[in-house]
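Below you'll find the structure, written out as structure tokens, and then a few comments.
This one's a predicted model, so the numbers in the text were calculated from it and none came from an experiment. For the single chain, residues carry numbers from 1 onward in sequence order.
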Amino acid sequence: MGLPKLVCVFLFAACCCCRRAAGVPGEEKQPVPTPDLVEAEVGSTALLKCGPSRASGNFSQVDWFLIHKERQILIFRVHQGKGQRETGEYEHRLSLQDSVATLALSHVTPHDERMFLCKSKRPRLQDHYVELQVFKAPEEPTIQANVVGIHVDRQELREVATCVGRNGYPIPQVLWYKNSLPLQEEENRVHIQSSQIVESSGLYTLKSVLSARLVKEDKDAQFYCELSYRLPSGNHMKESKEVTVPVFYPAEKVWVEVEPVGLLKEGDHVTIRCLTDGNPQPHFTINKKDPSTGEMEEESTDENGLLSLEPAKKHHSGLYQCQSLDLETTITLSSDPLELLVNYVSDVQVNPTAPEVQEGESLTLTCEAESNQDLEFEWLRDKTGQLLGKGPVLQLNNVRREAGGRYLCVASVPRVPGLNRTQLVSVGIFGSPWMALKERKVWVQENAVLNLSCEASGHPQPTISWNVNGSATKWNPDPQTVVSTLNVLVTPELLETGAECTASNSLGSNTTTIVLKLVTLTTLIPDSSQTTGLSTLTVSPHTRANSTSTEKKLPQPESKGVVIVAVIVCTLVLAVLGAALYFFYKKGKLPCGRSGKQEMERNTSI
């Protein structure tokens, strides 16, 4: 073959190749139409239409295909308007919906996110593609903070928190926030690493780890994550709860704190603690200045490093200082000294300690106490609480027997509420015994057991004796008064003679006569002219039997027979009441029963 012939062959082959590459007019492939987009949530039903929503045509002969790896897999037929399922994964989830142009896919899963093809066997109808997109909202995100803590001195990034969003589709987007401000990737400061896992259901579980370098100001920072996702209804988001991360940083200063705050007094429960601006709190020691040597000496604290003063005393006052030792940096810090002041009032003393005076003379009582604050003094009558005067001195002039008894001196600090001390002193007024009553009447029943009482006062304190046999007990309301109670059996002889109690001391004696009266029916009926029934009159020890004024006390029962008398009275009253009711009933004055009711109705109608 010659050279010209070879050139011609080469040129012919090149032209053929170019034509084949460029394509021959009339032999080009038809482009795939833009598919319709259908969105559905997992678990819902997706409606696949065989054509645009307003398209008209005959869809009674249609085949539906699934496009999988560029292969068309037949999944459903429509023949003469009736659906026919094909064997496969969609065999039980496909059905015709309303019209033959719509195919319903139920119980949508993430695996259904595919391209579907509708082919009509009628001419003029083009193939129609439908793309199904599936969505599923993730569960509420969970967040787990770093509970170990992060030290600000570390140069490398440390894990702050981990956020997990489960069972979403498609993969949601995650955003991190600190104090409601979004965090962005920042070299050597913030790093966010996210990963996802595909569950067997086709749903995604997203895991995002936030790492950062924190500073001291982040000790109270609030971190949380946000998941952004899309549904057919639009864009949505879910937020996790907020978490804080322990941030460790060295202390820069230390100080002393005292509770309670304010003025302290003896008896308070006082707690002294040391604090720093570091985290965690270092090891502390609490020192107190020794006033004798001027040196700081370590105090004993509990396991929490607290010094408890319970109760606080005067000697707890002084200068206190805290020292901290950071085991991480081995740095020791000392606080400024704090002066602790425990306010106090010393024991109160009254002079004279055992005052005695003759009736009609004068007496001066002096109250003394010490305090680190200004004191106020008050004098009170112990028995009545009556305020007698203010100031350290109480002057009693022309004293009478009624002035005898106990007096109370109160030393208080007005500037410190609740800080006070008291002291009792008993004033004795010399005199022979005087009785609460010269004579008493007591109503009794024969053979009853009776308690007789007798009260006397005097200085020196008297003793009481009885002229009848019985069991006697006594008690002393105050240093000058004695009360004696005698337990006796009421006999005819006792009714005849009565009883006497005699009070005596070194200056004389005095007597109270108790007259016993036997209870009879006539004594049960009240008499306005009588002032003494079953109750008895008692005279106050301050207005004695020889005085012109008397003071009534509450009635004091003297016998168990009073209860029996009350029962007898109630029985008699009930008997009289019953007899009266029976009398009126017999006279027809009381309408009782059915006949009485009818008679009352007749009278009413008339």
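When every heavy atom of Leu263 is checked against every heavy atom of Arg415, the shortest pair comes out as CD1-O, 3.3 Å. Nearest heavy-atom pair across Asn510 and Lys438 is OD1-NZ, 2.8 Å. Minimum heavy-atom separation, Val342 to Glu266: CG1-N, 3.7 Å. Minimum interatomic distance between Val247 and Val215 (heavy atoms only, all atoms of both residues): CG1-O, 3.6 Å. The shortest non-hydrogen separation linking Asn505 to Gln461 is CB-O, 4.4 Å. The two residues Ile429 and Ala403 make their nearest non-hydrogen contact at CG1-C, 4.3 Å.
Defined by atom type and a distance below 3.5 Å, a donor-acceptor pair is present between the side-chain atoms of Gln281 and Thr276. For Asn467 and Glu500, the side-chain atoms include no donor-acceptor pair closer than 3.5 Å. For the 3.5 Å distance criterion, the side chains of Ser509 and Ser504 fail to qualify, holding no donor opposite an acceptor. If you check the side chains of Glu298 and Thr285, you find no donor sitting under 3.5 Å from an acceptor.
The structure places OG1 of Thr271 at 7.5 Å from CG of Leu309, a figure rounded to the nearest 0.5 Å. Taking SG of Cys225 as the start and CG of Leu183 as the end, the distance is 11.5 Å to the nearest 0.5 Å. The line from CD of Gln445 to CG of Leu518 is 7.5 Å long, rounded to the nearest 0.5 Å. Considering CD of Glu257 and CG of Leu338, their distance stands at 10.5 Å, rounded to 0.5 Å. The distance from atom OG of Ser300 to atom CG of Leu307, rounded to the nearest 0.5 Å, is 8.5 Å. Taking SG of Cys501 as the start and CG of Leu437 as the end, the distance is 9.5 Å to the nearest 0.5 Å.
A heavy-atom distance below 4.5 Å is found between the side chains of Leu507 and Pro460. Under the 4.5 Å side-chain criterion, counting only non-hydrogen atoms from C-beta, Pro462 is not in contact with Gln480. A heavy-atom distance below 4.5 Å is found between the side chains of Glu356 and His459. In this structure the side chain of Gln373 never reaches within 4.5 angstrom of the side chain of Leu375, judged on heavy atoms. Residues Leu363 and Pro355 form a side-chain contact, since some pair of their non-hydrogen atoms from C-beta on lies under 4.5 Å apart. Val152 is not listed as a side-chain neighbour of Phe248, based on a closest heavy-atom distance of 4.5 Å or more. Considering only heavy atoms from C-beta on, Val410 stays 4.5 Å or farther from Glu376 through its side chain.
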Legend entry - Derivation of the salt bridge (charged side-chain N to carboxylate O under 4.0 Å, His left out) call for Glu359 and Arg401: CA-CA 6 Å; Glu359 192 171 9; Arg401 287 188 172 185; 3.7 Å; yes
Legend entry - Step-by-step side chain to side chain contact (heavy atoms under 4.5 Å, CB included) determination, Phe223 to Leu210: CA-CA 10 Å; Phe223 295 90; Leu210 171 66; 4.0 Å; yes
Inset, instruction - Before giving the answer on salt bridge (charged side-chain N to carboxylate O under 4.0 Å, His left out), spell out for Glu299 and Lys288 the whole-Å C-alpha distance, their side-chain angles and the decisive distance to 0.1 Å. - result: CA-CA 7 Å; Glu299 296 287 316; Lys288 181 177 182 291; 5.7 Å; no
Inset, instruction - List the steps and the verdict of salt bridge (charged side-chain N to carboxylate O under 4.0 Å, His left out) for Arg421 and Asp347. - result: CA-CA 7 Å; Arg421 288 288 188 93; Asp347 291 338; 2.4 Å; yes
Inset, instruction - Please step through side-chain hydrogen bond (donor to acceptor under 3.5 Å, both in side chains) for the pair Asn287 and Gln321, ending with a clear verdict. - result: CA-CA 5 Å; Asn287 302 319; Gln321 187 180 47; 4.9 Å; no
Inset, instruction - Test Thr364 against Gln395 for side-chain hydrogen bond (donor to acceptor under 3.5 Å, both in side chains), laying out the working first. - result: CA-CA 5 Å; Thr364 300; Gln395 184 67 39; 2.5 Å; yes
Inset, instruction - Go through the steps for Glu226 and Ser240 under the test side chain to side chain contact (heavy atoms under 4.5 Å, CB included), then give the verdict. - result: CA-CA 6 Å; Glu226 174 189 284; Ser240 71; over 6 Å; no
Inset, instruction - Would you sort out whether Lys219 and Glu217 count as a salt bridge (charged side-chain N to carboxylate O under 4.0 Å, His left out), showing the intermediate values? - result: CA-CA 6 Å; Lys219 61 185 178 66; Glu217 289 70 25; over 6 Å; no
Inset, instruction - Give the C-alpha distance, both sets of side-chain angles, the deciding distance and a yes or no for side chain to side chain contact (heavy atoms under 4.5 Å, CB included) between Ile514 and Leu516. - result: CA-CA 6 Å; Ile514 301 176; Leu516 304 180; 4.1 Å; yes
Without placing hydrogens or testing angles, list every side-chain donor-acceptor pair under 3.5 Å for residues 289-296, not counting sequence neighbours.
from, atom 1, to, atom 2, distance (Å)
Asp290, OD1, Ser292, N, 2.9
Asp290, OD1, Ser292, OG, 2.7
Thr293, OG1, Glu295, N, 3.3

Quiz: residues 141-151 side-chain donor-acceptor pairs under 3.5 angstrom, not counting sequence neighbours:
from, atom 1, to, atom 2, distance (Å)
Asn146, OD1, Val148, N, 2.9
Asn146, OD1, Gly149, N, 3.2
Asn146, ND2, Glu159, O, 2.9
His151, ND1, Asp153, N, 3.2

For residues 482-496, tabulate all N or O donor-acceptor pairs below 3.5 Å that involve a side-chain atom, not counting sequence neighbours.
from, atom 1, to, atom 2, distance (Å)
Ser484, OG, Trp466, NE1, 3.0
Asn487, ND2, Asn451, OD1, 2.7
Thr491, OG1, Glu493, OE1, 3.4
Thr491, OG1, Leu494, N, 3.2

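Judged by distance alone, the side chain of Trp255 and the main-chain N or O of Asp277 form no donor-acceptor pair under 3.5 Å. The backbone N or O of Gln222 lies less than 3.5 Å from a partner atom in the side chain of Asn179, making a donor-acceptor pair. Ser317 contributes no side-chain N or O that, together with a main-chain N or O of Leu341, makes up a donor-acceptor pair within less than 3.5 Å. Using a distance-only test at 3.5 Å, with no hydrogens or angles considered, a donor-acceptor pair links the side chain of Asp302 to the main chain of Asn304. Within the 3.5 Å criterion, the main-chain N or O of Ser453 finds a donor-acceptor partner in the side chain of Arg440. A donor-acceptor pair is defined here as one N or O able to donate and one able to accept, closer than 3.5 Å; no such pair exists between the side chain of Asn279 and the backbone of Tyr249.
Crowding of His269 atom NE2: a count of heavy atoms from other residues, nucleotides or ligands under 6.0 Å exceeding 12. In the displayed structure, Glu370 atom CD is contacted under 6.0 Å by at most 12 heavy atoms of other residues, nucleotides or ligands. More than 12 non-hydrogen atoms from other residues, nucleotides or ligands lie less than 6.0 angstrom from CG of Asn398. Summarising the local packing, CG of Asn476 is surrounded by more than 12 heavy atoms from other residues, nucleotides or ligands at distances under 6.0 Å. Atom NZ of Lys241 has 12 or fewer neighbouring heavy atoms from other residues, nucleotides or ligands inside a 6.0 Å radius.
With a 6.0 Å cutoff to the six-membered ring centre and a 45° limit on the axis angle, Lys314 counts as a cation-pi contact of Tyr344.
Between Arg273 and Glu259, at least one side-chain N (NZ, or NE/NH1/NH2) sits under 4.0 Å from a carboxylate O, which counts as a salt bridge.
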